[in-house]
Asks: 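This structure is in structure tokens; I'll ask about it shortly.
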Amino acid sequence: MAGLSEKPQALGIDQESAEANKNSSSNKKSVHNRLLEKDKEEGGQGGDMSPSAGSSIKRSGSRPQLDVSKAEIQGNVEEKYPTILLPNQSDDLSHLALDIGGSLIKLVYFSRHEDQSTDDKRKRSVKERLGLSNGNRRSFPILGGRLHFVKFETRKINECLDFINSKQLHRGGAESPYADGATDGNAIIKATGGGAYKYTDLFKERLGVSLDKEDEMDCLVAGANFLLKAIRHEAFTHMEGQKEFVQIDPNDLFPYLLVNIGSGVSMIKVDGDGKFERVSGTNVGGGTYWGLGRLLTKCKSFDELLELSQKGDNRTIDMLVGDIYGGLDYSKIGLSASTIASSFGKTISEKKELEDYRPEDISLSLLRMISYNIGQISYLNALRFGLKRIFFGGFFIRGHAYTMDTISFAVQFWSKGEAQAMFLRHEGFLGALGAFMSYEKHGLDDLMVHQLVERFPMGAPYTGGKIHGPPLGDLNEKISWMEKFLRKGTEITAPVPMTPAAGTTGLGGFDVPLSRGSSLRSDASALNVGVLHLVPTLDVFPLLEDPKTYEPNTIDLADPSELEYWFTILSEHLPDLVDKAVASEGRTDDAKRRGDAFARAFSAHLARLMEEPAAYGKLGLANLLEMREECLREFQFVDAYRSIKQRENEASLAVLPDLLMEIDSMDEETRLLTLIEGVLAANIFDWGSRACVDLYHKGTIIEIYRMSRNKMQRPWRVDDFDLFKERMLGTGDKKKPPHKRALLFVDNSGADIVLGMLPLARELLRRGTEVVLVANSLPALNDVTAMELPDIVAEAAKHCDTLRRAAEAGGLLVDAMINSSRSSKGKSSSVPLMVVENGCGSPCIDLRQVSSELAAAAKDADLIILEGMGRALHTNLNARFKCDALKLAMVKNQRLAEKLLKGNIYDCICKYEPAS
Ligand SMILES: CC(C)(COP(=O)(O)O)[C@@H](O)C(=O)NCCC(=O)O
Ligand SMILES: [Mn+2]
């Protein structure tokens, strides 16, 4: 019987190793503490502090056991064994794990991310004020680093060994001081898969490391559990060529069926972390497809066979219901004429030999037969155990659209639409990730979705679903690589047109899926796997009404026309952006070279995403805008709009006193309206909008600002001002208490912040509301950053007592006021003005991942004001909050104005939503 006799992958739970693991992790803490104590006794100099012989913990002998430089006590110093943070200690962290399969070697490795965040005065004062500490770092020693996913063909194992060696991954990474030293032969790498046994000697010989074998099934399940809980859109469905990402609630994940399709197939019922049972399997799997396919078609590789199937037509091989019923459906039992009645059934009744059949058709029939069979058995097992979800993984799938479609069809067909097959973006890395997680506790399994950010470095569009090439060491190598690729030809970078959404081929329930189009590069639909950044300081914004249903993006790029439009906009903006970026670095030759490489890299990302919009996961406009900024940073452009921002700040600060005087001469109601108008008008200074940039050639900053203010006519396109005014000023005798704390999500530098948001902040402060200015952590276009804001506030405060007192009270003016004759510090009765960073480096904001500073500041806030197109329109227009929310933006794009608001460019929105 299928799946029972041979058990090609009958890997059960290894009780003994599970026990050993349990013991070793419970021992770990005390050993660790003992080590610390011992180290303290010996003067804390580190040195050779390897655990005593006989310890159950296997540690690499190739690296020092403890590096206590810059050690810091965390948490309660009164505790007997306080946790000590060892920022330079890498021994705790194992850097590499492998899954060595028959055809592919998968690597997961960790690199420590240099903590570039500066602990400046602003940060320290915010931390003090909000009662923040670095506490969460201690429970996640691995955080603050990155996980990389790389694969090699097993037959080219030497390339893999070279890669490990060049990056010194077996010695703790190239940054480790021990990278160049000789190993003493005790270094250990966790590995799973058959190759962990087969290549033990080779690893020892070439790298001097031992492979510590981990059970394959343990690893698969651990990897799948981690991914499904920690990556927001890890799972997706695949029907008729369309991928749709599925949001899995980490608290409602279990039980599920994991179907791993390797050479054979394992079906695993997963009930929790480390709790699983292999409930079934089938010996008809990937090996069967490849083996039979090779014999029947003479193909030389699995990929070649798979590629052949894309051009096949299985009707020449398979016996369909219609073949039996004279072209008719067997409608009584619900079978259409095009349903496969018998795989390969047609070949029995014809006087044809193997050579008479097209290899393409054979490959397709075989692929459908096997995928269909696996889908059916999987569904029956899900039914047997009452499992709602089936996740498919394993090397057989390897992101192949047609395979996924066929499995999905089978599950849908047999379950009559009740069940759905799901696939995993990192499906190839489940085992390697699980092996990585089997190292002693490093906190990876405690990670939360919001602490992970996936980024796609410049190589992503080129590697696609393919095997990784040699490592690129530094920026110069990256640039040369880009240049080389451009010379080599365009076949890799050029977008491959998608097959138009054709109709079905008339094959009924198992029609050949659309993804079979021959014009589609075979791996084009495969998904990229990015680098996972583990960021301990990210949090979910606590004022979101429902984080589970929150969707940051307003624009749905699943709509092809939207996608094309925004891709064109971004491509057209590139030359100007490169020009600004190169200018920001003094137009040196080096900057020009980096500018070119950036333009190529970003264009390649765009081309890749045009080819496969889901290649990097769920795609929204915010992701594209952020990727552009990330790509600039990758080529070391730290702040492309630096000088523009400075110029605009200066010009605006010069007119601020006049503006404040004008505002102060107004009655309360006119003042509030003027302030809101001011914010909307000043939001015109946006270097990311093509129309605005064209406008800047037509006048000075102040002229444009005046023009914009003069055009502010109500009603605005969305106009809730009266509602907001009522909340702020009350009606008649009915006054409402002021808001306790307002979070102002500020946008652009120059007039936008100085003449728009600061005067509004001042009004709130005057009314007794604490104000928190929330600004970007990193530059994006001409957006003001949290680092820049204190100086701007200090300048503005020279013209305004309210701002000065509030800034002092908020600890913002420590430096600026040092020479002040006033000594009101500490005695001030003013409510404070603070600046917090938002955790982003993008013009948009995803409120599921904000800085812990912002999350802490939000706790006492009862009003939030989101300003600008990026934060209030592209993202968050539809977001609902637990507190009052005001969304203010000028729409600086004609199409968006038409589409979203049935309006015109330069229309404004003032959307007020009281707390629900
Ligand atoms: C990048 C932006 C979101 C920045 O807008 P902001 O948040 O500064 O108001 C916006 O400029 C934009 O959507 N630009 C692209 C569209 C265009 O050029 O028309
Ligand atoms: Mn902006």
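Ligands are counted one by one from 1 in listed order, and the atoms in each one are counted from 1 as well. The figures that follow rest on heavy atoms only: side chains count, while hydrogens, waters and symmetry mates do not.
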Asks: Donor-acceptor check, side chain of Q849 to backbone of L452, threshold 3.5 angstrom: yes or no?
Replies: yes
Asks: Does R727 count as lying over the ring of Y912, i.e. NZ or CZ under 6.0 Å from the six-ring centre, within 45 degrees of the axis?
Replies: no
Asks: Have a look at N776 and tell me which of E629, E837, R871 forms a side-chain hydrogen bond (donor to acceptor under 3.5 Å, both in side chains) with it.
Replies: R871
Asks: Do D576 and H573 make a side-chain contact, defined as non-hydrogen atoms from C-beta onward lying under 4.5 Å apart?
Replies: yes
Asks: At a heavy-atom distance under 4.0 Å, which protein residues reach ligand 1? Sort them by chain and number, would you?
Replies: W566, I569, N683, D686, G688, S689, R690, D747, N748, L781, G868, M869, G870, H874, K892, N893
Asks: Distance under 6.0 Å and angle within 45° of the ring axis: does R848 meet both against Y550?
Replies: no
Asks: Around the Mn ion (ligand 2), how many protein N, O or S atoms are closer than 2.8 Å?
Replies: 3
Asks: Before giving the answer on salt bridge (charged side-chain N to carboxylate O under 4.0 Å, His left out), spell out for E763 and R767 the whole-Å C-alpha distance, their side-chain angles and the decisive distance to 0.1 Å.
Replies: CA-CA 6 Å; E763 180 69 20; R767 310 184 73 83; 3.3 Å; yes
Asks: Is a side-chain N or O of R714 found less than 3.5 angstrom from the main chain of F721, in a donor-acceptor match?
Replies: no
Asks: Could you go through the side-chain contact (heavy atoms from CB on, under 4.5 Å) check for M890 and S708 one step at a time?
Replies: CA-CA 10 Å; M890 179 188 273; S708 184; 3.4 Å; yes
Asks: Which pair of heavy atoms, one from Y705 and one from G678, lies closest together, and at what distance?
Replies: CE1-O, 4.5 Å
